[in-house]
Amino acid sequence: MPESLFADANSSLEEARFAIFGVPFDKTSSFRSGSAQAPDKIREASHNFETYMFEHGEDIESIKYCDLGNLEEFEDVSSMIRGVEEFTGGIVEKGKIPIVLGGEHSLTPGVVKCLDDIGVIVLDAHLDFRDEYEDEKFSHCSTVRRISDSIGVKSVVPIGVRSFSKEEEVDAEELGLRFITSYELSEKTTIQEALEMALRWIDKDKIYLSLDMDIIDPAFAPGISNPEPFGLAPIEIKKCINYLAGRLVGFDVVEVSPPFDNGNTSALAARLVRETIMATWKAQT
Ligand code: MN
Ligand code: MN
C-alpha cells in the first residue's frame, strides 16, 4: 500500500461503488519514461482539492470509493497485462467500477478484457494502432489495436488524435477503425457532437473511458511521456467525462510522467479522476 491513498477514498471495497488502483509500469515507454511514478504522484496531488464540488452541488465525501494501492512492479508487459486483468476481474465481479491510475497505456487491454459488451472511447493524441512496435505487440503504441482485437474494431473510437504513421493510417482504413482528430474538434465539431457521433458508431450502452493524458495540449499537461502539440484544453476532458458519465463502467488515466512534470499534470489527472467519480455517481444514482 502506498503511504498516501487517493484523497477521500475512505471506504472498504465491500461498501465502495468505485475501486481505484495503481499500475506503476512504464517498461515499453518509447520516449520519456517515468510513468511508473505517476500513481503515487496523482494520489499526492489529489489531496489539494475541495471535497465540495459546487458545480455538481455535492461533496465527494458522500461517495463511497476505495483505493486498493498499487499492483506489484511487473517484469514485463505480458505479466503486467495479466496482473491487471486478474485484479480488475476481482473488482468487476464484486460489481464495483474500476478506476486505474497508470502507468503507461499498455495496461488498458487488460482492464477491457474484464468488461462484457462494452464500447471503448480512447482520448489520445496518438492512434496507438501499430500492430507491433520494436517487436512488442503489447507496447503502449498498440493499445487501440489490441483493444480492437479483443472487442472488435467497431467498438473502439479514439478521439483527439493528431499523430499516426502512414502504416497505421492504411491499417485503420482497411480494418475500419473510426476516429476523430483534434483538428476536427477545433474546426468542425464540439466535443459533445464528437461523442454523440462516437456513441452512434459504437452502438453499445456501456462505455469504458481510457484517458491518455497526452490528448491534452502539452501547454496544460507538460508532464507526459510523448508530448504532441495542438491538443485539447483540459475543460474539454471535463465535458467528455460528464457527457459519458451515465454509461461509464470503468476509467483509466495513463501516461503521466512525473520526472517531466511541474506538478500541474498530476494535479490535472487527479482532478479528472475526482470528476469521473462525482459525475458517474451522480449520473448513475
Ligand atoms: Mn496512448
Ligand atoms: Mn498518446
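Note that ligands are numbered from 1 as they come in the structure, with each ligand's atoms numbered from 1 the same way. The analysis underlying the following values was restricted to heavy atoms, covering all of them including side chains, and did not include hydrogens, waters or symmetry mates. Sequential numbering from 1 along the given sequence is applied to the chain's residues.
- In summary, the side chains of Glu168 and His126 do not present any donor paired with an acceptor at a separation below 3.5 Å, with no hydrogens or angles considered.
- In this structure, OD1 of Asp214 and OD1 of Asp124 enclose an angle of 80° at the Mn ion (ligand 2), rounded to 10°.
- Side-chain contact of Ser139 with Glu134: a donor-acceptor pair under 3.5 Å is absent, judged by distance alone.
- At least one N/O/S atom of Asp212, from backbone or side chain, sits under 2.8 Å from the Mn ion (ligand 2).
- Side-chain contact, His105 with Asp128: a donor N or O sits under 3.5 Å from an acceptor N or O.
- Classification of the Tyr183-Phe230 ring pair by plane angle, with boundaries at 30° and 60°, yields tilted.
- Here the angle at the Mn ion (ligand 1) defined by ND1 in His105 and OD2 in Asp128 stands at 90°, rounded to 10 degrees.
- For His126, the nearest N, O or S atom to the Mn ion (ligand 2) falls under 2.8 Å.
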